[in-house]
Amino acid sequence: MKMSKLFVQTLREFPSDAEVMSHKLLVRAGYIRRLASGVYNYLPLMWRTLRKVENIVRQEMDAAGAQELLMPFVQPEELWQESGRWEVYGKELMRLKDRQGRGMCLGPTHEEVITYIAREGIKSYKQLPVNLYQIQSKFRDEVRPRFGLLRGREFIMKDAYSFDVDEAGLDKEYENMAKAYTRIFERCGLETKMVQSDSGAIGGSVSHEFMVVCDSENNAGENDVFYCEKCNYSANSNHAISILPQAVTNGGFEKAEIVDTPNCKTIEELAAFLKIEPSTIVKTLVYVADKQYVMALVRGDKTVEEIKLQNAVGANEIRIASAAEIKEIMINNGKTGEAGYISPIGIKDVTVVADKSVLELKNFVIGCNETEKHLVGANWGKEAQLPEKVEDIRLVQEGEICVDCGSPLKVTRGIEVGNIFKLGTKYSKAMNAVYMAEDGTEKPFIMGCYGIGISRTAAAAVERHHDEFGIKLPLAIAPYHAIVVPVNCKDELQMKVANELYEKLQKAGVEVVLDDRDERPGVKFKDADLIGFPYRITAGKTVNEGLVEFKNRANGEMEKVTPEKAVELIIDAVKSLA
RNA sequence: CGGGACGUAGCGCAGUUUGGUAGCGCACCUCGCUUGGGACGAGGGGGUCGCAGGUUCGAAUCCUGUCGUCCCGACCA
């Protein structure tokens, strides 16, 4: 490809609406352009990279025994009614009607369709196990698209679905996929951590996420991952559990009484005012879970993990209650407290979920539903009724103790690039997808599902591989392998050497660009660095001595070599990919 | 959906406070010059100032509405 013909427009400056590096760089280097919120055009450079990621995924999935197919992007409402997700999925599901008024949706994931396919196509245990996958655009009408390709509404995903006769088969395939995933991300230049996670809207029992670990100041990593350096424990914050380290749990109050606590809306203010540890206070937060009021209780120095709370109450949606809603609860119960002074004491018709951490508190402080007053010296079973529901709803914090080995946990930020689930029979039962088992009875499929965000993986790779000059994607997924730059296009010898290099590399199957633009060298070098050609051969003045410059974008190393040697180096590097 | 900000040429921005008929840099086209890290000179093309109303002799500027975008919170590959 000649640079003068390559469809790419690099920008001198970063776009103003981009926040994270991968977004800024992909736009500036001419890989992508936004079309609508969370919807992007993949320009030729991006598309080449995406296809390379796809092909790595294909190779590893095929090697792992999965078979590729392609399902429709538009799906009928009936299937979603069968699985029950038409109601459950919420606004993220892009719904539409066809001209007949039939309900349709844009596929955010394909459990329904694949289950339908299996139901129609798999009649006997003899056809099992099987793992089917596709690579396709998905659409999720995200609440808040952001970060370019890292959180688009339309994105490319590989989704695989496995069908087994029993749990043992599923477990085996789950392991098989986990291994394939690790290889896939490695080949894309990404080190990943496989962490336990909540299974969310997809459902099922066990699930793990593959996280690309980011440094803490990189906000492209939207997930907090807790992990143990001693053993292998690691989990997304929505799922992580821990043992609390020693803390003061006795408030030390001699007797229970209501005391004045002016201007103590926050735990900090209250602790300072009463001169006590925050860990001796019961914090009450009011939530709305599917229109039902919920009070969540945690120790004063801890935070509620909302996903855990949502699971604990079995809700689809959860949000913190507004001041007006809290007031409504208070009025209905004949109380006057506002946020900061709330507790379940004397409140009816509200679900109360306590975190385990509050149980061991003694002589503690708790709200009494009267503004500017708290109850001190309270104890469970006496002044405060023990909540009927005690669950783990606490957000883990760094330094808490690993449940597996007792070491302190650490935290890091991560970009979720892959996710695997054990679905079990959730969809097969709901949709009556059964096969004839060896014993002659009908049984539902035991299913697993396995996703990889293709476009997100590519963006994560940029997030991990760049410098102040531009993108440094690894050779395996860079749009091109190399660029040949004649310093001065009017210099005949330089052009001759450059052309020869270009042709030789092309013949050898190297994906190479010749920068034939009559530009000053600075412009060409800046563009080459920005776009991120892994190798650059520069034909400059030293062609007179039979030498060209060979530069490695990844490590910045530069050497003067003969043109033959440069060609050999690149061909060797490209060969080593396979 | 709640809170905040912003919509002026492909990109980055000024002009809005105090209304007077649109500008700068980059990019693009032509010519000259230049060729090892985003040169320089001359000339040129491109914007109904997000959209719709309103106020006014006159609106990018003031008012109302609306749409869009981005940022902070709750979701996920």
Side-chain angles (χ1 to χ4, degrees), chain A residues 9-20 23 27-28 30 33-34 36-38 57 89-93 108-109 135-160 181 197-202 207 209-212 219 222-223 236 238 287-289 304-307 309-310 316-320 322-323 415-421 449-460 469-470 485-491 494 517-530 536 538-542 549 551 558:
Chain A
Q9 166 79 295
T10 58
L11 303 176
R12 186 78 77 103
E13 287 159 287
F14 285 125
S16 64
D17 57 358
E19 181 75 3
V20 298
H23 186 194
V27 172
R28 183 169 164 202
R33 279 291 174 104
R34 196 184 70 88
S37 178
V57 169
Y89 213 99
K91 287 189 181 155
E92 211 170 283
L93 183 64
T109 172
I135 296 174
Q136 187 202 41
S137 284
K138 294 276 184 277
F139 195 94
R140 295 183 190 175
D141 199 358
E142 285 280 346
V143 189
R144 186 143 111 76
R146 57 178 156 178
F147 300 157
L149 298 192
L150 286 173
R151 179 175 298 280
R153 291 194 293 170
E154 183 175 313
F155 57 97
I156 300 174
M157 178 168 161
K158 185 281 305 182
D159 45 327
Y181 272 34
S197 81
D198 183 72
S199 48
I202 310 282
S207 98
E209 294 168 339
F210 285 76
M211 295 282 189
V212 174
N219 55 357
E222 295 187 82
N223 304 269
N236 188 320
N238 65 28
Y287 283 87
V288 183
V304 170
E305 166 51 53
E306 297 185 359
I307 299 291
L309 177 61
Q310 182 175 325
N316 289 319
E317 238 184 278
I318 200 162
R319 63 174 174 82
I320 197 115
S322 67
I415 301 171
E416 183 190 348
V417 288
N419 200 331
I420 56 179
F421 298 87
C449 83
Y450 318 89
I452 289 180
I454 301 283
S455 40
R456 184 183 276 183
T457 298
F469 302 109
V485 181
V487 168
N488 183 349
C489 287
K490 298 218 163 68
D491 184 305
Q494 286 181 22
R517 296 174 302 171
D518 187 14
E519 288 283 356
R520 294 167 63 87
V523 173
K524 300 187 191 184
F525 294 153
K526 289 287 183 193
D527 275 343
D529 288 348
L530 181 59
R536 187 181 86 200
T538 309
K541 283 177 187 142
T542 54
E549 179 185 280
K551 186 179 179 191
M558 222 187 275

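First the proteins, then the strands, lettered A, B, ... as listed; each starts at 1.
- The residue Lys490(A) sits close to a base: some heavy atom pair falls under 4.0 Å.
- One cannot find a donor-acceptor pair under 3.5 Å joining the base of C75(B) and the side-chain atoms of Arg140(A).
- Take the nearest nucleotide of RNA chain B for Met558(A) and for Gly451(A): the residue whose nucleotide is more 5' is Met558(A).
- Across Glu154(A), Arg153(A), Arg140(A), Arg34(A), a single residue satisfies side-chain contact (heavy atoms from CB on, under 4.5 Å) together with Pro145(A), and that is Arg153(A).
- Comparing G38(B), C11(B), C75(B) by their nearest atom to the side chain of Leu11(A) picks out C11(B).
- Straight-line distance between the C1' atoms of G38(B) and C49(B): roughly 30 Å, to the nearest whole Å.
- Whole-Å rounding puts the Arg146(A) CZ to C1(B) C1' distance at 15 Å.
- Under the Watson-Crick or G-U wobble criterion, with both distances below 3.5 Å, A5(B) is paired with U69(B).
- Within the 4.0 angstrom heavy-atom criterion, base atoms lie near Gly152(A).
- Here Asp141(A) does not pair with Lys91(A) in a salt bridge; the nearest charged N to carboxylate O distance is not below 4.0 Å.
- Within the 4.0 angstrom heavy-atom criterion, base atoms lie near Asn223(A).
- Taking atom C1' on both nucleotides, U16(B) is separated from C72(B) by 27 Å, rounded to a whole Å.
- Comparing C26(B), C75(B), G37(B) against the side chain of Arg12(A) picks out C26(B) as the nearest.
- Evaluation of atom-type donor-acceptor distances gives no pair under 3.5 Å for the side chain of Asn419(A) against the base of C76(B).
- At a cut-off of 3.5 angstrom, counting only N and O atoms as typed in the model, there is no donor on one side facing an acceptor on the other between the side-chain of Glu519(A) and the base of G38(B).
- Here the separation of C31(B) from U69(B), taken at their C1' atoms, is 41 Å to the nearest Å.
- Residues Phe14(A) and Arg28(A) have side chains in contact (heavy-atom distance under 4.5 Å, counting atoms from C-beta outward).
- Residues Val487(A) and Gly540(A) approach most closely at CG2-CA, 3.6 Å, considering heavy atoms.
- Heavy atoms of Arg151(A) sit under 4.0 angstrom from at least one base atom.
- To the nearest whole angstrom, the two P atoms, one in G7(B) and one in C62(B), are 11 Å apart.
- C67(B) and C29(B) have their P atoms separated by 40 Å, with the value rounded to a whole Å.
- Put simply, the side chain of Asn488(A) and the base of G36(B) share no donor and acceptor less than 3.5 Å apart.
- We find that CD of Glu142(A) is positioned 11 Å from P of C75(B), with the value rounded to whole Å.
- Residue Arg34(A) contributes atom CZ, which lies 12 Å from atom C1' of G7(B) at whole-angstrom precision.
- A77(B) has its base stacked against the ring of Phe155(A), the centroids being under 5.5 angstrom apart at an interplanar angle below 30°.
- If you check G37(B), G36(B), U34(B) against the side chain of Lys541(A), the one that comes closest is G36(B).
- Taking atom P on both nucleotides, G2(B) is separated from U8(B) by 25 Å, rounded to a whole Å.
- Taking 4.0 angstrom as the limit, Arg520(A) places none of its side-chain polar atoms (N or O) nearer than this to OP1 or OP2 of C40(B).
- Remark: A42(B) base-pairs with U30(B); criterion is Watson-Crick or G-U wobble with both hydrogen-bond distances under 3.5 Å.
- If you check every strand for non-hydrogen atoms under 4.0 Å, Gln9(A) touches sugar and phosphate atoms only.
- Going from atom CG of Asp529(A) over to atom C1' of G37(B) covers 8 Å, rounded to whole Å.
- Across all strands shown, U48(B) forms no Watson-Crick or G-U wobble pair with both key distances under 3.5 Å.
- Put simply, the side chain of Val485(A) reaches to within 4.5 Å of the side chain of Arg536(A), judged on heavy atoms.
- Nucleic acid contact for Val487(A): base, since at least one base atom lies under 4.0 Å from a heavy atom of the residue.
- Across A27(B) and G3(B), the matching C1' atoms stand 37 Å from one another, rounded to whole Å.
- Taking every heavy atom of both residues into account, Gly451(A) and Tyr181(A) meet most closely at N-OH, 3.0 Å.
- In this structure, Arg456(A) and Ile415(A) have side chains that are in contact, with non-hydrogen atoms separated by less than 4.5 Å.
- Regarding Arg517(A), its CZ atom lies at a distance of 16 Å from the P atom of G36(B), rounded to whole Å.
- The phosphate of C70(B) has OP1 or OP2 within less than 4.0 Å of a side-chain N or O from Ser37(A).
- Using a 4.0 Å cut-off between charged side-chain N and carboxylate O, Arg146(A) and Glu19(A) make no salt bridge.
- For the pair Ser16(A) and C13(B), the criterion of a side-chain N or O lying under 4.0 Å from OP1 or OP2 is met.
- Among the atoms of the strands shown, only primed sugar atoms or phosphate atoms (P, OP1, OP2) are found under 4.0 Å from some heavy atom of Phe14(A).
- Remark: C1' of C76(B) and CD1 of Ile454(A) are 16 Å apart, rounded to the nearest angstrom.
- Remark: A59(B) base-pairs with no nucleotide in the shown strands. Criterion, Watson-Crick or G-U wobble with two distances under 3.5 Å.
- Using P as the reference atom, C75(B) and A39(B) are 48 Å apart when rounded to the nearest Å.
- The base of G37(B) sits within donor-acceptor range of the side chain of Arg536(A), with an N or O pair under 3.5 Å.
- At the heavy-atom level, Gly540(A) lies under 4.0 Å from base atoms of the strands shown.
- Test Lys541(A), Gln494(A), Arg520(A) against Asn488(A) for side-chain contact (heavy atoms from CB on, under 4.5 Å) and you get one pass: Gln494(A).
- Base pairing of G25(B): its partner is C11(B), meeting the Watson-Crick or G-U wobble criterion (both donor-acceptor distances under 3.5 Å).
- As rounded to whole Å, 13 Å separates atom C1' of C71(B) from atom NE2 of His23(A).
- Comparing atom distances between the Arg456(A) side chain and each of C76(B), G36(B), A27(B) picks out C76(B) as nearest.
- Contact annotation: the side chain of Tyr287(A) never approaches that of Gln310(A) to less than 4.5 Å [non-hydrogen atoms, C-beta and beyond].
- Counting any heavy atom pair closer than 4.0 Å across all strands shown, Glu13(A) reaches a base atom.
- Atom CD1 of Ile320(A) is separated from atom C1' of G3(B) by 15 Å (rounded to the nearest Å).
- When the nearest nucleotides of RNA chain B are assigned to Ala36(A) and Gly418(A) by heavy-atom distance, the more 5′-ward of the two goes with Ala36(A).
- Within the structure, every side-chain polar atom (N or O) of Arg28(A) is placed at least 4.0 Å from both OP1 and OP2 of G10(B).
- Within the 4.0 angstrom heavy-atom criterion, no nucleotide atom of any strand lies near Asp491(A).
- Residue Ile307(A) is in sugar-phosphate contact alone, with no base atom involved, counting any heavy-atom pair closer than 4.0 Å across all strands shown.
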